[in-house]
Amino acid sequence: MTALTDGRGRHPVTVAGQTMAYDDLLGAAAAVAAGLHDHRRVAVLATPSAETVVAVVGALLAGAEVVPVPPDSGRAELDHVLADSRADCWLGAAPSGSRLASQPVDLAARAPYEPLDVDPDRTALVLYTSGTTGLPKGVLLPRRALAAGIDALADAWAWTADDVLAHGLPLFHVHGLVLGVLGPLRVGGGLVHTGRGTPETYAAAARAGATMFFAVPTIWSRVAEHPEHAEALRAARLLVSGSAALPVPVFERLERLTGQRVVERYGMSETLITVATRADGRPRAGWVGVPVAGVETRLVAEDGTEVPHDGESVGRLEVRGATLFAGYLDRPEATAEAWTDDGWFRTGDVAVVAPDGAHRIVGRESVDLIKSGGYRIGAGEVESTLLGHPAVAECAVVGEPDDDLGQRVVAYVVLRGAAADGLAAELTAYVGQELSAHKRPREVRFVDSLPRNEMGKVQKARLLPG
Ligand code: MLC
Ligand code: AMP
């Protein structure tokens with residue numbers, strides 16, 4: 001992004017306890033950029049650290065593409081992301097055992113910043129994200145989409161160089177990385193990444209003067225359980241929630257404890273943030289706001305006709321505009337399927353729009369995309385992994401309602417033989433070892449058979465409560 005440096009950068013950037021002045025961060029990133037030579041697509045093991053921030057910024061300064069990799073990626077997930085993305089090297093630390101070469105990131109190095117004229121259509125990030133079936137796909141996010149997305153949020157939230165943003169989100173998704181790191185760098189404001197996102201760390205950041213807070217509903221719900229920490233957020237300018245639905249009772253409890261009405265916004269890896277409650281609007285529990293600058297939305301019925309914006313009628317949400325991705329890496333069919341013939345992106349979410357333009361997200365069309373703690377998890381990926389375990393004959397993975405996580409991953413498993421002691425824990429660990437921690441089932445239920453229809457398709461609705 002050419003304008004990473006447009007801000008004044010008065011406030012430093014602190015990531016998990018390590019503080020860098022804006023100029024030092026830029027100098028270190030410029031040194032990374034200078035050392036990148038011919039590397040065009042780099043993998044970054046996205047630990048919550050200053051190294052990750054400098055690596056990502058350095059690669060973007062050089063016009064390279066970044067593939068952020070979850071630091072707890074298991075064997076199969078890591079192999080898939082590296083093979084599918086064809087990353088040239090690791091930038092910064094490599095996971096143990098990786099055969100891909102690594103290019104060091106030195107936080108103490110400095111080089112002069114020389115802006116490059118990079119095509120705004122060039123890919124900035126390749127974010128891996130789960131679909132309903134199959135392996136995660138690489139979402140190609142162009143530089144212009146990131147710029148448009150951040151500028152639209154700066155407009156919606158009156159986000160300026162005077163703000164200090166605090167959050168403890170992972171640095172390999174839109175929320176933590178695009179909004180949470182590139183956001184403050186582009187507007188020139190400060191950043192405090194708290195390492196972990198807990199009530200304690202958020203309260204500490206508030207006491208240290210942070211003005212804006214980003215979190216997923218799970219974190220907000222945990223903050224709401226701790227009045228002694230929530231109280232510290234009273235002085236903040238803006239509390240923002242996203243990545244999953246914020247339960248109304250959590251919104252209300254936070255308002256009682258902090259005097260703040262949490263601002264909700266809605267988005268996806270493929271679209272960045274498309275709908276947001278404005279800082280000058282009145283946040284309403286259960287509603288996520290209006291389309292951001294440069295974005296349009298529409299609701300369509302199953303037959304393709306438009307659904308009225310009457311605050312009650314439910315339709316499939318489609319979006320178009322400046323913040324959208326360019327397609328899935330090497331998957332022309334999946335890319336084509338994602339768009340309608342007349343150029344709208346199908347979000348897969350179901351929504352209601354009020355006459356004043358406010359959006360309410362009702363849910364997802366497919367039960368096979370699970371949101372747990374704000375992480376998007378494809379049931380199909382977890383099922384294929386479980387089927388790779390010799391004890392598993394059949395399985396079905398669902399997302400069950402969970403007060404803390406929104407949904408929790410539950411696996412129904414038909415075994416090849418009798419259930420042995422400790423097998424549930426073994427299967428859970430197996431998923432963690434192959435994929436990553438948040439994709440592990442929180443519960444494994446052994447059953448004799450799965451409910452199927454006459455066609456033999458598993459009827460997941462019959463596995464869900466209610
Ligand atoms: C998890 N744990 C398990 C387990 N599953 N242990 C045993 N069995 C299982 N099945 C582990 C965790 O790995 C963790 O381990 C420990 O249990 C305690 O977990 P926790 O501290 O409570 O954290 P956890 O519940 O895992 O995570 C909650 C969370 C996290 C909210 C902090 O889910 C999170 O950071 N979510 C953010 C996701 C996000 O950024 N999404 C944005 C997508 S972009 P240990 O060893 O770590 O303690 C997007 C667009 C948009 O959606 O709109 O923003
Ligand atoms: P991801 O690709 O991980 O970014 O997940 C995107 C999905 O998260 C969307 O399709 C929605 O289902 C969900 N989501 C994001 N923000 C919200 C929100 N504010 N309310 C409800 N769901 C949300």
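We number each residue from 1, following the sequence as shown. All ligand and atom numbering here is 1-based and tracks the order in the structure. Heavy atoms only: backbone and side chains are in, while hydrogens, waters and symmetry mates are out.
For Lys371, there are no salt bridge (charged side-chain N to carboxylate O under 4.0 Å, His left out) partners, not counting sequence neighbours.
Counting only non-hydrogen atoms, the option in Ala437, Gly373, Pro170 that gets closest to atom 33 (O) of ligand 1 is Gly373. Nearest-heavy-atom check against atom 17 (O) of ligand 1 across Lys371, Arg222, His438, Arg442 picks out Arg442.
In this structure, atom 10 (N) of ligand 1 lies nearest to the protein heavy atom Pro441 O, 2.8 Å. At the shortest separation from atom 8 (N) of ligand 1 among protein heavy atoms lies Thr428 CG2, 3.9 Å. The protein atom (non-hydrogen) at minimum distance from atom 48 (O) of ligand 1 is Arg196 NH1, 3.7 Å. In terms of protein heavy-atom proximity, atom 41 (N) of ligand 1 is closest to Gly374 O, 2.9 Å. Nearest non-hydrogen protein atom to atom 34 (C) of ligand 1 is Tyr375 CE1, 3.6 Å.
Ring geometry, His389 versus Tyr430: the interplanar angle exceeds 60°, so the pair is classed perpendicular (tilted spans 30 to 60°).
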Sequence neighbours excluded and cut-off under 3.5 Å, please list the side-chain donor-acceptor pairs for residues 244-255, or say none.
| unit_1 | atom_1 | unit_2 | atom_2 | d |
| --- | --- | --- | --- | --- |
| Arg253 | NE | Ala224 | O | 2.6 |
| Arg253 | NH2 | Ala224 | O | 3.1 |
| Glu255 | OE1 | Arg261 | NH1 | 3.2 |
| Glu255 | OE2 | Arg261 | NH1 | 3.0 |

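Only the side chain of His173 comes within 4.0 Å of ligand 1, counting heavy atoms alone; its backbone N, CA, C and O stay farther away.
Taking any N or O of Arg440, backbone or side chain, at least one lies under 3.5 Å from an N or O belonging to ligand 1. Where the criterion is an N or O separation shorter than 3.5 Å, residue side chain and backbone included, Leu405 fails it with respect to ligand 1. Of the N or O atoms in Ser243, one or more lie within a sub-3.5 Å distance of an N or O in ligand 1. Of the N or O atoms in Arg265, one or more lie within a sub-3.5 Å distance of an N or O in ligand 1.
A salt bridge does not link Arg442 with Asp402: every distance from a Lys NZ or Arg NE/NH1/NH2 to an Asp or Glu carboxylate oxygen is 4.0 Å or more. Using a cut-off of 4.0 Å between Lys/Arg side-chain N and Asp/Glu carboxylate O, Lys439 and Glu77 are scored as salt-bridged. The pair Glu443-Arg445 counts as a salt bridge, with a side-chain nitrogen and a carboxylate oxygen less than 4.0 angstrom apart. For the pair Glu65 and Arg122, the salt-bridge criterion is met [side-chain N within less than 4.0 Å of a carboxylate O]. With salt bridges taken as basic N to acidic carboxylate O contacts below 4.0 Å, none links Asp84 and Lys137.
For ligand 2, residues of the protein lying within 4.0 angstrom by heavy-atom distance are Thr129, Ser243, Ala244, Ala245, Glu264, Arg265, Tyr266, Gly267, Met268, Ser269, Val288, Asp349, Ile361, Arg364, Lys371, Arg376.
Neither side chain, Ser221 nor Thr218, offers a donor N or O lying under 3.5 Å from an acceptor on the other.
There is a protein heavy atom less than 4.0 angstrom from atom 43 (C) of ligand 1. Under the 4.0 angstrom criterion, atom 13 (O) of ligand 1 counts as having a protein heavy-atom contact.
Across Ala50 and Gln18, no two heavy atoms sit closer than the pair CB-CG, 3.9 Å. Contact detail for Thr335 and Tyr328: the closest heavy-atom pair is OG1-N, 2.9 Å.
Pairs of residues two or more places apart, or lying in two chains, that qualify as ring pair (Phe, Tyr, Trp, His ring centres under 6.0 Å) and include a residue from residues 348-376 are His173-Tyr375, Tyr375-His438.
Contact atoms of ligand 1 toward His175: 42 (C), 44 (S), 54 (O) (distance under 4.0 Å to a heavy atom of the residue). The atoms of ligand 1 that sit less than 4.0 Å from any heavy atom of Gly267 are 53 (O). Listed by atom number, the atoms of ligand 1 under 4.0 Å from Thr218 heavy atoms are 31 (C).
In this structure, the side chains of Val181 and Val56 stay at 4.5 Å or more apart for every pair of heavy atoms.
Rounded to the nearest 0.5 Å, atoms CD (Glu306) and CG (Leu299) are 8.0 Å apart.
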